[in-house]
Amino acid sequence: MNPFQYTRSLAAAGAIQSVLKEPHAHFLAGGTNLIDLIKMGVVTPERLVDINPLPLKGIEKTATGLRLGALATNSEVADHPLVLQGYPLLSLAINAGASPQLRNMATVGGNMMQRTRCNYFFDTAMPCNKRSPGSGCGALEGINRMHAIFGASPACIAVNPSDMNVAMVALDAVVHVKGPKGERKIPFADFHRLPGDHPEKDNTLERGELIMAVDLPAPAFSQHVAYLKIRDRTSYAFALVSVAAALKMDGNMITDARLAMGGVAHKPWRLHAAETFLKGKTPGDDTFKQAAQIAMQGAKAYRYNQFKLTMAPNAILQALKTASA
Amino acid sequence: MSTKPGKDPEKPEKEPAGEGLLSGTRRDFLKQSSLLSAIAFAPATVVKAAENQWPEKVADAFEKVDVHLEVNGTKYNVQVEPRTTLLDLLREQLNFTGTKKGCDRGQCGACTVHVNGVRINSCLSLAVTNEGKKITTIEGLANGDQLHPMQEAFIKHDGFQCGYCTSGQIMSAVALVKEGRTQSREQISEFMSGNICRCGAYSRIVKAIQEVKTNQS
């Protein structure tokens, strides 16, 4: 690892100031991604500002829903009684990611900040516009099996690797951030961005802004949910394709639906059109296949990830069947 | 590396004396060139060290941080570079070499230890972030000569071949039982998936865990 200085922060304002002071200072939370990136030479910080002592670990009921502190660990969230009860989709998605050891370290905010797992991003000998803007995209004509089928640009076809994010975007979470200009809220769907001409920017945070908490709205999908993750091995691998499905049912009718995909885009990919289609329908293979077809509109594959064009709609069908069962 | 592109770094001793920084013996060259590259990437403390002509001490010049932590019931006050991982602190400074370095990237689980009773990958945890924490390593499981039941079970069921992943497997397995994730073979496999065994001792590891669980209930 490149040598760096270390600051232990006891207050958010101080941590933000510390990061703003130096161009290559980074916040450090669970470290499961950042330390790895530093070891690989992908990130070369001059200073790490340790925010772990900040009082942001709480998981608390609010007037409208549930607030997850940015430093609550993935396991604390996934195993929390209020999450299991009101937001089982989130629990399923988190437990589909990483390993128990990593989930004990990784935090809500850190998981949101997780960088892509694109091999060209990790390999400093390769071109990558996300790591080194202007150097080109190694994946575009390279081994792009894991890569995007939605929303990519000629500059970057990487995907967001998080499972938690897929559930968060489906559940309409809201992100609370604090920065040099004060506090603001960002709808989860607007937190991550598409690569466009600036793949080096994964999200819409401004420099020095710190994630404080994520708010979940009142529990609306506590029963008919499924998180299906398809990967190269049964567990402990990143998604080729994942699907978060949540249905609200009145008897045998779908009154509301949430659908999002992971492993297919630079951000967690919400499927609004398919959701709208499902409302008022009766669960069944034909309905779900049509929803999947709608969801796949605009998909574009590259040389090695053509299989995702078949895998993704099948995964949507299966997730909806499981959720409605 | 070199400030003089095109020169062969293998033959620096042929440089005429007194021609700038890179003159002198091969030994000096290596010292100086590594110092130069260190400066290029280094924070202020190192640049200061160089100004003060402390080339031998560059490695010590980085700001070290005091860390107080407890390992297997014993308190330690140590000084570490911020980039030192908990794994390296345990193995290299405190000599708890039972904890293994496998991938060093959080992908294999060989480095699993308990921090405040919770299993984590020590290779991805900076030592400095463990201030005030209680660490348990494989050396801390046995009670004197009496092995932990999980250690006994791994021996009985032959839950290993080469043994490199074993301390991580056992630390994970002890935590798994405590977490109550032993309801089925499938659940054990899923929640042990953070520990890779290249020898493929998985089915025996599961048997060892199931026995400990049965004996406890």
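Chain letters run A, B, ... following the sequence lines, proteins first, then strands; residues in each count from 1. Only this structure's heavy atoms are used, side chains among them; waters, hydrogens and symmetry mates stay out. Note that this is a predicted model, so its numbers are computed, not measured.
Atom CD1 of B:I120 sits about 9.5 Å away from atom CG of A:L102, to the nearest 0.5 Å. Rounding to the nearest 0.5 Å places OG of B:S189 at 15.5 Å from OH of A:Y236. In this structure, CD1 on A:I35 lies 12.5 Å from CG on B:N121, to the nearest 0.5 angstrom.
Annotation for B:Q161: atom CD does not count as buried by contact number, only 12 or fewer foreign heavy atoms lying within 6.0 Å. Other residues, nucleotides and ligands contribute at most 12 non-hydrogen atoms within 6.0 Å of the NZ atom of B:K207. Other residues, nucleotides and ligands contribute only 12 or fewer heavy atoms inside 6.0 Å of the CZ atom of B:R198. Surrounding CZ of B:R204 are at most 12 heavy atoms belonging to other residues, nucleotides or ligands under 6.0 Å away.
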Could you give me the CA-CA distance, side-chain angles and deciding distance for B:T129 and A:L28, then say whether side-chain contact (heavy atoms from CB on, under 4.5 Å) is met?
-> CA-CA 9 Å; B:T129 60; A:L28 172 69; 3.7 Å; yes
Take B:D88 and A:M1, measure what side-chain contact (heavy atoms from CB on, under 4.5 Å) needs, and give me the verdict at the end.
-> CA-CA 12 Å; B:D88 285 339; A:M1 272 191 271; over 6 Å; no
Can you check side-chain contact (heavy atoms from CB on, under 4.5 Å) on A:F122 and B:R105, steps first, answer last?
-> CA-CA 12 Å; A:F122 267 85; B:R105 291 190 58 197; 3.3 Å; yes
Step-by-step side-chain contact (heavy atoms from CB on, under 4.5 Å) determination, B:L124 to A:M105 = CA-CA 9 Å; B:L124 290 183; A:M105 306 169 78; 4.1 Å; yes
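Using a 4.5 Å cut-off between non-hydrogen atoms, the part of residues 80-99 of chain A that approaches chain B consists of A:N95, A:S99.
Both the backbone and the side chain of A:D36 come within less than 4.5 Å of a heavy atom of chain B. With a 4.5 angstrom heavy-atom cutoff, B:L176 does not touch chain A via any of its atoms. With a 4.5 Å cut-off on non-hydrogen atoms, A:N33 does not touch chain B at all. Neither the backbone nor the side chain of A:L34 comes within less than 4.5 Å of any heavy atom of chain B.
At least one side-chain heavy atom of A:Q101 sits less than 4.5 Å from a side-chain heavy atom of B:N195. Taking 4.5 Å as the limit, every side-chain heavy atom of A:F4 sits out of range of all side-chain heavy atoms of B:E63. By the 4.5 Å heavy-atom criterion applied to side chains, A:N104 and B:H114 are not counted as neighbours. With contacts defined as side-chain heavy-atom distances shorter than 4.5 Å, the pair A:L48/B:V128 does not qualify. A heavy-atom distance below 4.5 Å is found between the side chains of B:D104 and A:K39. A:P100 places a side-chain heavy atom less than 4.5 Å from the side chain of B:R119.
In terms of heavy-atom proximity, A:R8 sits nearest to B:V65 at NH2-CG1, 4.4 Å.
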